[in-house]
**Q** 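I'd like to ask some things about the structure below.
Note that the numbering runs from 1 along the sequence shown for the chain.
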Amino acid sequence: SFPGGKRDPADTDAVATALRETREELGLELGAETVWGQLRPLPGRQGQLVAPVVANLGPLENLTLTPNPDEVEEIFTLPLAHLLQEENQGYTHFRTAGRYSYTLPVFLNGPHRVWGLTAIITELTLELLAPDCY
């Protein structure tokens, strides 16, 4: 999943929350100038609204990530080119009470499977960044 969490009273908006959560979870200090924008709010599992914020981190090899072990078990990244390859894309179909219910995207990468809300946010981001390829 992406860094994220509930808005603190000191957070002025969703962007401030995203920047704070990124600092707390990954030890990555980002300024507001890195933020490209915000995706439309999405419903989370517990009924809350999730406000995805998209930022440019620059080259990943230039980043020093210090994950908070209380919040982060593992970090992995997926290049845009990998996400755009059809063999790494799929969909999971869900059934409720024996009937087709809904379909969600899934992205594959070796032992990692990006699914759920993270995959939905990834799909929306790909539609914006590479509309002719995705």
**Q** List the atom of Glu71, the atom of Glu21, and the distance in Å for their closest heavy-atom pair.
**A**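 Taking every non-hydrogen atom into account, OE1-OE1, 4.3 Å.
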**Q** Looking only at non-hydrogen atoms, find the nearest pair between Val53 and Ala14 and report the distance.
**A**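 Minimum heavy-atom separation between Val53 and Ala14: CG2-O, 3.9 Å.
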**Q** Counting heavy atoms not belonging to Glu86, are there more than 12 under 6.0 Å from its CD?
**A**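 Not buried by this count: 12 neighbours or fewer within 6.0 Å.
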**Q** Parallel, tilted or perpendicular: which fits the ring planes of Phe76 and His112, with parallel below 30° and perpendicular above 60°?
**A**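 If you compare the ring of Phe76 with that of His112, the planes turn out parallel.
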**Q** Is there a side-chain contact between Gln89 and Phe107, using heavy atoms and a 4.5 Å cut-off?
**A**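 Yes; the side chains approach each other to less than 4.5 Å.
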**Q** Exactly one of Thr125, Ile120, Leu124, Leu126 should register a side chain to side chain contact (heavy atoms under 4.5 Å, CB included) with Thr122. Which one does?
**A**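 Of the listed residues Thr125, Ile120, Leu124, Leu126, the side chain to side chain contact (heavy atoms under 4.5 Å, CB included) partner of Thr122 is Leu126.
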**Q** Identify the two heavy atoms, one from Val114 and one from Ala119, that lie closest to each other, and give their separation to 0.1 Å.
**A**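 For Val114 and Ala119, the tightest heavy-atom pair comes out as O-CB, 3.6 Å.
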**Q** Could you state whether Trp115 and Leu42 fall into the same hydrophobic cluster, counting links through intermediate Ile, Leu, Val, Met, Phe, Trp or Tyr residues with side-chain heavy atoms under 4.5 angstrom apart?
**A**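 Different clusters: Trp115 never reaches Leu42 through Ile, Leu, Val, Met, Phe, Trp or Tyr contacts under 4.5 Å.
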**Q** Does anything in residues 54-66 pair up under side-chain hydrogen bond (donor to acceptor under 3.5 Å, both in side chains), and if so which pairs, sequence neighbours excluded?
**A**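 Not a single pair qualifies under side-chain hydrogen bond (donor to acceptor under 3.5 Å, both in side chains).
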**Q** Once side-chain hydrogen bond (donor to acceptor under 3.5 Å, both in side chains) is applied, what residue pairs with a partner in residues 32-47 remain, sequence neighbours excluded?
**A**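 Qualifying pairs, neighbours excluded: none.
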**Q** Between atom CZ of Arg7 and atom CD of Gln48, what is the distance when rounded to the nearest 0.5 Å?
**A**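 If I round to the nearest 0.5 Å, the distance is 15.0 Å.
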**Q** Between Leu104 and Val50, is there shared hydrophobic-cluster membership here, with clusters defined by ILVMFWY side-chain heavy atoms closer than 4.5 Å?
**A**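 Linked, Leu104 and Val50 end up in one cluster.
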**Q** Look up atom CG in Leu80 and atom NE2 in His82, then write down how far apart they are to the nearest 0.5 Å.
**A**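 Taking CG in Leu80 and NE2 in His82, the distance rounds to 11.0 Å.
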**Q** Any link between Val54 and Val15 through a network of hydrophobic side chains (Ile, Leu, Val, Met, Phe, Trp, Tyr) touching at under 4.5 Å?
**A**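 Hydrophobic grouping puts Val54 apart from Val15.
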**Q** Using the rule side chain to side chain contact (heavy atoms under 4.5 Å, CB included), only one of Thr77, Leu78, Leu83, Asn88 pairs with Asn109; which is it?
**A**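 Between Asn109 and the candidates, side chain to side chain contact (heavy atoms under 4.5 Å, CB included) is satisfied uniquely by Leu78.
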**Q** Taking Glu25 for the side chain and Asn68 for the main chain, is one N or O donor matched with an acceptor at less than 3.5 Å?
**A**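 Side chain of Glu25 to backbone of Asn68, a donor-acceptor pair under 3.5 Å: no, none is there.
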**Q** Are the side chains of Leu28 and Arg23 in touch, meaning some heavy atoms are under 4.5 Å apart?
**A**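 A side-chain contact is absent here, since even the closest heavy-atom pair is not under 4.5 Å.
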**Q** Is the backbone of Tyr134 close enough, under 3.5 Å, to the side chain of Glu127 for a donor and an acceptor to pair up by distance?
**A**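 The answer is no, because no donor-acceptor pair under 3.5 Å joins these two groups.
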**Q** Please say yes or no: joined through hydrophobic side-chain contacts below 4.5 Å, possibly via intermediate residues, are Leu129 and Leu57 part of one cluster?
**A**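 Unlinked, Leu129 and Leu57 end up in two clusters.
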**Q** What's the shortest heavy-atom distance between Leu117 and Pro43, and which atoms?
**A**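 Shortest heavy-atom separation between Leu117 and Pro43 comes out as CD1-O, 4.2 Å.
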**Q** With hydrophobic residues grouped by side-chain heavy-atom distances under 4.5 Å, do Phe2 and Leu49 end up in a single group?
**A**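 No, separate clusters.
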**Q** Has Asp8 got a side-chain atom pairing as donor or acceptor with Ala10's backbone, closer than 3.5 angstrom?
**A**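 It does not hold such a pair.
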